[in-house]
Amino acid sequence: MNVIVTDNGFESDTWSNIFLTLDKLLLINPKSTNKFSLDVPNTTDPKELAPLFARISLIRIAFLNSTDGRGFTLASHLRLLGYKGRLRAQGHVLADQYTMARRCGYDEIEISIELADRQPEKQWLSRSDWKSNCYINQLKQLA
Amino acid sequence: MARKFTNKVLTANRLIEGDVVYLGINGDWVLDHDRAQILKEEEFAIKQLALANKDSGFLVSPYLANAEIRDGVPTPIHFRDSFRANGPTNYNHGKKENHNV
Amino acid sequence: MYSYTEFDNNFNQNRVDQFRSQVTRRIDGSLTEDEFKPLRLMNGLYLQLHAYMLRVAIPYGTLNSQKMYQLAIIADKYDRGYGHFTTRQNIQYNWPKLKDVPDILQDLANVEMHAVQTSGNCIRNVTADHFAGASTDEIEDPRPTAELIRQWSTDHPEFSFLGRKFKIAITGSPNDRAVTKAHDIGLRMVRNNKNEPGYEVIIGGGLGRTPMIGKVLRSFLPRKDILPYLESVMQIYNMLGRRDNKYKARIKITVHEHGINKICDLVEERFIIQRSSFGGFDQKLLIKLEKAFAAPIYINEPIDSYNKSYQSDPLFRSFVDTNLSEHKNLNYSIVSISLKKHGQTPGDATSQQMRMMANLAKKYGHDELRISHEQNVILPHVHKSNLYKVFNELKSVELATANIGLISDIIACPGMDYCALATARSIPIAQQIAMRFNQLKLENDIGEIKIKISGCINACGHHHIGHIGILGLDRAGVENYQITLGGNSTQNTVIGKSLGPGFSYTEIIPAIEKIIYTYLDIRSSNDETFLETFNRVGLTPFKKIVYTPSEIINKSTATFANNNNESFASQEIK
Ligand code: SF4
């Protein structure tokens, strides 16, 4: 079972909903009032997801490699387009990237047990104070 | 296709100081290319490299460099390895200042 | 000049503390080298050919005496008593020890400096015109915008893991001294027809393996839109740029593959929503920054002594004629201090020289210094009454070489003498060219010429845009040097043309000599510069001479010498 990292440190994954791909989600009757969880690659066009926001409660974006920063821009784009649901980064994210992920709009990171072993909770907690020392948040505030 | 193995020395940088070092004859790490151990057996060379890679508390970036014995002394083959062994051209720094170590 | 706020200081201190803990964890073994490497690179620490190298940022090339002084102290305390100024307006220390680096970063933080984002696939240190705020041709000082961009790009959460490094340069003058067309993004400050301030945005320029000249993405961007617009460009690049091949990952390739029009549409579309994410604080900050970079309070003194010294001291006269540029205040000059004394390593300064430059800035230069991408140091505001004093003090530490813009004012990257990526040496080539033409006493006769040397295809030495570019390669285990001619780094950026097959280490200096003799021989008048001659005649005459076996040339050099004397004689008569 994978580990979920939040500002409070490590937690086990309590999300029980099944993750769908975008193709699958589009097959479901649009009138259904159920909320869905969506799995997307970091190459997704956020504009395709925008009309579906009301039907999605969690978007999980895959990080195949920690050096591939596309997932950061994708998240911030989704937030800017108005997505208010949960946003999760999954895969190869380093503790040193936790602040970046949070600043881009992720609520949580899902990492493997192996990664959690190599990068213990302490390292993630040391980055949990993501709101301070942030140039971009300072620059983007209202005058 | 297997290429024929040619003589090597094992070299790396010291983790803390950054100095270039070579695996010496007694299995110690020496600063001087002259005192490097010439590795003639491929299997042995690869084993030493693997060991050096594990020794990450002391070494960084170990690799095998081509070398040969010239006039009785281990000598780098490629000019890049010569510069590493002999220091920069423009100042007497690095290997140029600690030749007596 | 900008001084750090509490916010900047906290940020910087936090980074130093983080790095100190990372180094401790690396040394005690809890971080492997693979894990540590990206972390040290984020703080400018490389492992080079002989040792570690620390690259310290000098944002937009601007610093004051206190900072320069601290750079000298660091050079003495932790290194070999010198530093190397680079083409990206940074300084590199070639021999720091890993265990000392946290202390060096602390010393830097104490004077509001850092080594953040001088490496890695992120937005690098922003560079700017080294004459900013002083030159006569400037529309506007680019440094407030550069500082705004520094803050915006520092630790930007979206852009710390781009496909490749990303470089931004800005100029406030139509005469481009910041090479904006060879950057991932180049910004030129312009006015529209209502005389409102804004920027021309150029993207996709760059040197390296595939040199390209930047293309205009937006011919006028209103000032207030700069950050959301840059952010949009970065986002499009981050999503669209290739990640499958490191050599195709720069934005120049993205632009090349998708076409500037498509990129433009995507950026504009993105920009519409991105604009809403900025609330106005950025523009308030920009106004504050403009105040911080306001012109100094100029002094008013008679300049008779300057005129007298100019008449009486020929060395000073030559320094003035060569190393000074016009200042927007008529009684001031911009002084370029050459770090290219004949035979020295281009861009290197000893700690003693750094201290002297710091002192001079403090005493005579309104406490300002600049680093130029041409690897020299600038005192941007010196009153003419102080010039002779400045000159004499510079002379005392061998910094008064009068060769700015001449053949010995060469850009050279560290090359194989230091750089782990190099394929050949650059420094000794630069040293030998400078020594040779100094010996021949031809430097002033040759006049304006820019030689630029890189030790590998990465082109840190800007060889493509040198009037003469030299690229050092490894051909089957020996150093080999390729020559390009006709490159240009100004607003009329041109990539030089390859002369032909390369030259060995021993052949390259004679080849350069032949090129110069050819130029002297065929120039239409003494006023025609090397570049003008090249643009008039092209490669052919140079090719012919350079690739003709030497025995034949020796004869013609003799004729050249005769001709040359004749033409000198005829000038005398004229
Ligand atoms: S051009 Fe090549 S050799 Fe020169 S500094 Fe850059 S990477 Fe190193």
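Values below: all heavy atoms of this structure, side chains included; hydrogens, waters and symmetry mates excluded.
By the 6.0 Å contact criterion, OH on C:Tyr247 is open, its count of non-hydrogen atoms from other residues, nucleotides or ligands being 12 or less.
Residues A:Arg70 and C:Phe161 fail the side-chain proximity criterion, which asks for heavy atoms closer than 4.5 Å. Between C:Arg25 and A:Gln123 the shortest side-chain heavy-atom distance falls below 4.5 Å. Side-chain contact check for A:His77 versus C:Gln274: every heavy-atom pair is 4.5 Å or farther apart.
We find the CG-NE2 distance between A:Leu139 and C:His156 to be 9.0 Å, quoted to the nearest 0.5 Å. Between the OG1 atom of A:Thr73 and the CD atom of C:Gln235 there is a distance of 5.5 Å, given to the nearest 0.5 Å. Atom CD of A:Gln138 sits about 4.5 Å away from atom CZ of C:Phe281, to the nearest 0.5 Å. A distance of 12.0 Å separates OG of A:Ser126 from CG of C:Asp17, quoted to the nearest 0.5 Å. Expressed to the nearest 0.5 Å, how far OG of A:Ser132 lies from CZ of C:Phe7 amounts to 8.5 Å.
When A:Leu80, A:Leu81, A:Leu74 are compared by the number of non-hydrogen pairs under 4.5 Å with chain C, A:Leu80 comes out ahead. Ranked by heavy-atom pairs under 4.5 Å with chain C, the list A:Thr67, A:Thr43, A:Asn65 is led by A:Thr67. The candidate from C:Leu285, C:Asn121, C:Leu39, C:Leu162 with the greatest count of non-hydrogen atom pairs under 4.5 Å with chain A is C:Leu39. Ranked by heavy-atom pairs under 4.5 Å with chain C, the first of A:Arg103, A:Lys140, A:Met100 is A:Lys140. Note: C:Glu231 leads C:Met234, C:Met42, C:Glu231 in heavy-atom pairs under 4.5 Å with chain A. Chosen from C:Gln283, C:Arg15, C:Glu35, the residue pairing most often with chain A at heavy-atom distances under 4.5 Å is C:Glu35. Of the residues considered (C:Met239, C:Gln151, C:Arg243), C:Arg243 shows the highest number of contacts with chain A, using heavy-atom pairs under 4.5 Å. With chain C as the partner, the residue from A:Ala101, A:Cys104, A:Ala75 showing the most heavy-atom pairs under 4.5 Å is A:Cys104.
Interface remark: A:Arg79 contributes no atoms to any contact with chain C (heavy atom separation under 4.5 Å). Interface remark: C:Leu240 contributes no atoms to any contact with chain A (heavy atom separation under 4.5 Å). Only the side chain of A:Gln97 has a heavy atom closer than 4.5 Å to any heavy atom of chain C. Only the backbone of A:Ser66 comes within contact range of chain C, with at least one heavy atom under 4.5 Å from a heavy atom of that chain. Residue contact with chain C, scored on non-hydrogen atoms closer than 4.5 Å, is absent for A:Leu94.
Remark: the backbone N or O of A:Asn133 is not paired with any side-chain donor or acceptor of C:Asn14 at under 3.5 angstrom.
Partner A:Tyr135 forms a side-chain hydrogen bond (donor to acceptor under 3.5 Å, both in side chains) with one of C:Thr154, C:Asp8, C:Asp155 and no other, that one being C:Asp8.
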